[in-house]
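For the numbers below, each heavy atom of this structure counts, side chains included, while hydrogens, waters and symmetry mates do not. Residue numbers start at 1 and run along the sequence shown. Computed from a predicted model, the values in this text were never measured in an experiment.
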Amino acid sequence: MAEALAEARLASAHADVPIGAVVVDGTGAVIARAHNEREASGDPTAHAEVLALRRASALRGSWRLDDCTLVVTLEPCTMCAGALVLARVGRLVFGAYDPKAGAVASLWDVVRDPRLNHRPEVVGGIDEAACGQLLQDFFSAHR
């Protein structure tokens with residue numbers, strides 16, 4: 001989670017919401033990292049999770065990331081939850097819960113829907129205080 005938090009802090013350089021994500025392979029090595037780049041790129045899909053999954057898939061030459069863990073500072077939204085299911089990510093680890101848009105525990109549970117053909121292991125609330133504080137500080141400064 002420390003790696004994801006460090007990545008999240010980089011988003012402030014272009015006024016993006018500080019969310020960071022890393023993809024870790026089965027050996028424990030970080031193979032991809034990203035932070036939100038919606039403001040920087042003008043792309044509504046440029047969420048940290050989606051960018052990290054794209055980079056990991058490009059590195060591996062495959063869309064299947066079944067032996068990987070996605071670590072992200074905030075509970076994924078519906079788009080990102082769908083993306084990690086489609087990428088067959090084996091495990092999701094997230095920091096802060098998102099009561100407004102969370103699609104893993106807070107509002108929905110997209111990733112563990114029994115109707116889908118893939119359901120990753122999920123671990124939430126890791127370093128939740130630090131992840132949440134980063135977001136609180138960002139939004140306090142922008143109000």
Side-chain angles (χ1 to χ4, degrees), residues 1-60 62-114 116 118-143:
M1 188 57 73
E3 295 275 343
L5 277 164
E7 191 65 33
R9 289 182 188 99
L10 298 175
S12 66
H14 37 81
D16 268 291
V17 177
I19 299 170
V22 296
V23 177
V24 180
D25 70 10
T27 70
V30 174
I31 61 169
R33 60 185 70 239
H35 56 273
N36 274 3
E37 296 181 18
R38 291 184 310 165
E39 297 297 331
S41 67
D43 178 356
T45 69
H47 289 204
E49 301 96 320
V50 170
L51 296 174
L53 292 173
R54 287 177 184 162
R55 291 170 186 164
S57 294
L59 177 75
R60 291 192 139 188
S62 173
W63 59 270
R64 294 180 185 268
L65 300 173
D66 54 327
D67 68 328
C68 293
T69 298
L70 174 65
V71 180
V72 60
T73 57
L74 182 66
E75 177 184 358
C77 69
T78 53
M79 176 183 68
C80 295
L84 72 98
V85 168
L86 293 173
R88 307 294 195 270
V89 170
R91 184 171 185 236
L92 166 66
V93 175
F94 69 88
Y97 286 83
D98 185 353
K100 292 183 179 180
V104 176
S106 296
L107 293 180
W108 300 283
D109 194 352
V110 171
V111 300
R112 291 177 286 213
D113 189 315
L116 299 177
H118 177 75
R119 289 176 294 284
E121 174 188 351
V122 176
V123 179
I126 303 302
D127 210 359
E128 184 175 7
C131 294
Q133 189 63 56
L134 190 60
L135 291 163
Q136 285 178 354
D137 292 349
F138 173 82
F139 287 111
S140 291
H142 286 83
R143 289 192 177 125

Undergrad: For the residue pair Glu7 and His35, confirm or rule out a side-chain donor-acceptor distance under 3.5 Å.
TA: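 Side-chain D/A pair, Glu7 to His35: present.
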Undergrad: Taking atom CD of Glu128 and atom CD of Glu75, what is their separation to the nearest 0.5 Å?
TA: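 Taking CD in Glu128 and CD in Glu75, the distance rounds to 10.0 Å.
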Undergrad: Out of curiosity, Trp63 CH2 to Leu86 CG, how far, rounded to the nearest 0.5 Å?
TA: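 Trp63 CH2 to Leu86 CG: 8.0 Å, rounded to 0.5 Å.
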Undergrad: Measuring from His14:NE2 to Ser41:OG, what's the distance to the nearest 0.5 Å?
TA: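 Rounded to the nearest 0.5 Å, the NE2-OG separation comes to 8.5 Å.
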Undergrad: Going from CG on Leu5 to CD1 on Ile126, what distance comes out if it is rounded to the nearest 0.5 angstrom?
TA: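 The distance works out to 11.5 Å.
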Undergrad: What is the distance from atom CE of Met79 to atom SG of Cys77, rounded to the nearest 0.5 Å?
TA: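 If I round to the nearest 0.5 Å, the distance is 4.5 Å.
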Undergrad: Between His47 and Val72, is the side chain to side chain contact (heavy atoms under 4.5 Å, CB included) condition met? List the steps.
TA: CA-CA 11 Å; His47 289 204; Val72 60; over 6 Å; no
Undergrad: Walk me through whether Glu49 and Leu84 qualify under side chain to side chain contact (heavy atoms under 4.5 Å, CB included).
TA: CA-CA 8 Å; Glu49 301 96 320; Leu84 72 98; 5.9 Å; no
Undergrad: When you measure from the side chain of Asp66 to the backbone of Arg88, do you find a donor-acceptor pair of N or O atoms at a distance under 3.5 Å?
TA: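 Looks like no, no N/O pair under 3.5 Å.
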Undergrad: Can you check whether Arg60 reaches Cys68 side chain to side chain, under 4.5 Å on heavy atoms?
TA: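 Yes, their side chains come closer than 4.5 Å.
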Undergrad: How far apart are the closest heavy atoms of Val50 and Ala83, and which atoms are they?
TA: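 Distance-wise, the nearest heavy atoms are CG2-CB, 4.3 Å.
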Undergrad: Among Thr73, Ile19, Leu51, which residue satisfies the side-chain contact (heavy atoms from CB on, under 4.5 Å) criterion with Asn36?
TA: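 Only match with Asn36 under side-chain contact (heavy atoms from CB on, under 4.5 Å): Ile19.
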Undergrad: Looking only at heavy atoms, which two atoms of Val110 and Gly82 are closest? And how far apart?
TA: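 Result for this residue pair: CG1-N, 4.3 Å.
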Undergrad: Let me see the working for Arg54 and Thr45 under side chain to side chain contact (heavy atoms under 4.5 Å, CB included), right down to the final yes or no.
TA: CA-CA 11 Å; Arg54 287 177 184 162; Thr45 69; 3.4 Å; yes
Undergrad: Determine, step by step, whether Glu3 and Val24 satisfy the side chain to side chain contact (heavy atoms under 4.5 Å, CB included) criterion, reporting the C-alpha distance in whole Å, the side-chain angles of both residues, the deciding distance to 0.1 Å, and the verdict.
TA: CA-CA 10 Å; Glu3 295 275 343; Val24 180; over 6 Å; no
Undergrad: Between Ser57 and Leu65, is any pair of side-chain heavy atoms under 4.5 Å apart?
TA: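 Counting from C-beta outward, Ser57 and Leu65 do come under 4.5 Å.
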Undergrad: Show the nearest heavy-atom pair for residues Val89 and His118, with the distance to one decimal.
TA: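 Closest pair (atom of Val89, atom of His118, distance): O-NE2, 2.7 Å.
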Undergrad: What closest approach, in Å, do Ala4 and Val71 show between heavy atoms, and which atom pair accounts for it?
TA: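 Where Ala4 meets Val71 most closely, the heavy atoms are CB-O, 3.9 Å.
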Undergrad: Please report the shortest heavy-atom distance between Ala34 and Ala52, naming the atom on each side.
TA: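 Nearest pair, atom of Ala34 first, then Ala52: CB-N, 3.6 Å.
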Undergrad: Has the side chain of Asp16 got a donor or acceptor atom that lies under 3.5 Å from a matching backbone atom of Glu39?
TA: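 Checking the backbone N and O of Glu39 against the side chain of Asp16, a donor-acceptor pair under 3.5 Å is found.
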Undergrad: Spell out, as yes or no, whether a donor-acceptor pair under 3.5 Å connects the side chain of Arg112 to the backbone of Val104.
TA: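 Between the backbone of Val104 and the side chain of Arg112 there is a qualifying donor-acceptor contact (under 3.5 Å).
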Undergrad: Identify the two heavy atoms, one from Ala105 and one from Tyr97, that lie closest to each other, and give their separation to 0.1 Å.
TA: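 Heavy-atom minimum between the residues: CB-CE2, 3.8 Å.
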Undergrad: Tell me whether Glu37 is salt-bridged to Arg55, with the criterion being a basic N under 4.0 Å from an acidic carboxylate O.
TA: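 Answer for the salt bridge query: yes.
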